[in-house]
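What follows is a set of notes on a single structure, which appears directly below.
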Amino acid sequence: MKASDMKTISCTKLDEDLLKSFGAEIKTYREGEKIFNQGDIPIYYFQIIEGKVKENNHDTQGREFIHNILGNGQSFGDSMLFIDKRYPISAEAITECTVIRLSKPNFLNLLEKHPETSVQINSCMSQRMHYQFIMLQNLASNDPIIRLTGLLEYLKSFHTDDIPQSFPVELTRQQIANLTGLRVETVIRTIKKMEKENTLKIDNRKIFF
DNA sequence: GCATTAATGATAA
DNA sequence: TTATCATTAATGC
């Protein structure tokens with residue numbers, strides 16, 4: 001393999017027509033609708049065509065913890081397709097969603113017939129693990145500024161351009177709180193502190209990082 | 001008007 | 001210092 005070929009291995013979505021040719025179906029979900037539940041047996045590969053999905057679960061007091069928020073073109077639940085375990089998390093549409101899904105046996109069949117997609121999936125999971133570790137590090141800190149910057153860096157990593165403080169955070173403060181394990185008020189206050197320290201900008205209540 | 005989101009203050013742990 | 005609770009303001013439907 002040439003060195004230039006390495007670059008072609010990227011974490012991009014799988015081709016929709018290819019998925020369809022292996023029996024994938026398009027499903028739409030209303031806002032707030034569950035896509036799968038914690039404890040379910042994973043039987044589908046999911047990829048978002050349009051909309052936003054969150055992966056979450058709830059602690060003993062019923063408080064929500066969001067693990068991830070995914071957008072257009074991103075897949076989810078795929079890491080659970082290669083082992084015989086139930087979902088440790090739930091997935092829920094947070095906007096009206098169009099999702100393409102492929103059953104587990106068909107998905108495995110696709111990977112077998114098209115090894116290049118298998119490499120792609122590996123690349124995706126690799127990248128996801130990379131950021132999971134970074135998130136874990138940041139979440140282990142008890143300093144809220146570190147938790148927030150960690151999350152913001154993570155969100156920004158999906159963005160290509162890196163003009164300082166130009167990345168708009170499309171999350172409510174409540175969602176940020178649920179992603180960091182902090183309380184809304186703490187998020188609000190810490191964000192204001194960070195604005196004073198010039199690590200981010202607030203314009204019309206919108207956060208730019 | 002009602003629901004959601006953001007902001008702020010008081011107080012407890 | 002952050003969490004918790006209460007209150008208020010702003011925004012959008």
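Scope of the values below: all heavy atoms of this structure, side chains included, with no hydrogens, waters or symmetry mates.
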Qualifying residues under ring pair (Phe, Tyr, Trp, His ring centres under 6.0 Å), relative to A/His114, sequence neighbours excluded: A/Phe22
Those residues that, when tested against A/Phe65, pass ring pair (Phe, Tyr, Trp, His ring centres under 6.0 Å) (two or more places apart): A/His67
Among all residues two or more places apart in sequence or in another chain, which pass the side chain to side chain contact (heavy atoms under 4.5 Å, CB included) test with [X]?
X: A/Gln74; value: A/Leu70, A/Phe158
X: A/Glu64; value: A/Lys54, A/Asn56, A/His58, A/Ile66, A/Asn178
X: A/Pro88; value: A/Met80
X: A/Asp17; value: A/Asp15, A/Lys20

Under-3.5 Å N/O pairs linking protein and nucleotides 2-4 of chain B:
none

side-chain hydrogen bond (donor to acceptor under 3.5 Å, both in side chains) partners of residues 86-95 of chain A, not counting sequence neighbours, each pair once: none
Please report, rounded to the nearest Å, how far the [atom2] atom of [N] is from the [atom1] atom of [X].
X: A/Ile188; N: C/dT2; atom1: CD1; atom2: P; value: 14 Å
X: A/Arg173; N: C/dA10; atom1: CZ; atom2: P; value: 15 Å
X: A/Asn142; N: C/dT1; atom1: CG; atom2: C1'; value: 10 Å
X: A/Met194; N: B/dA7; atom1: CE; atom2: P; value: 14 Å
X: A/Ile176; N: C/dT2; atom1: CD1; atom2: C1'; value: 17 Å
X: A/Ile146; N: C/dT1; atom1: CD1; atom2: C1'; value: 15 Å
X: A/Lys206; N: C/dT11; atom1: NZ; atom2: C1'; value: 13 Å

A/Arg101 to A/Tyr44 six-membered ring, cation-pi geometry met (6.0 Å, 45°):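 Ring-cation test returns yes.
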Partners meeting salt bridge (charged side-chain N to carboxylate O under 4.0 Å, His left out) with A/Glu195 (sequence neighbours left out):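 Listed in chain order: nothing, the list is empty.
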Between the protein and nucleotides 11-13 of chain B, are there any N/O to N/O pairs under 3.5 Å, and if so, what are the atom names and distances?
none

Summary of ring-ring contact (aromatic ring centres under 6.0 Å, His included) pairs that have at least one residue in residues 115-137 of chain A, sequence neighbours excluded: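 Found A/Tyr131-A/Tyr154.
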Crowding at CD, A/Glu50 (>12 non-hydrogen neighbours, <6.0 Å): no
Under 4.0 Å protein heavy-atom contact, by nucleotide of nucleotides 4-9 of chain C - B base, S sugar-phosphate only: BBB---
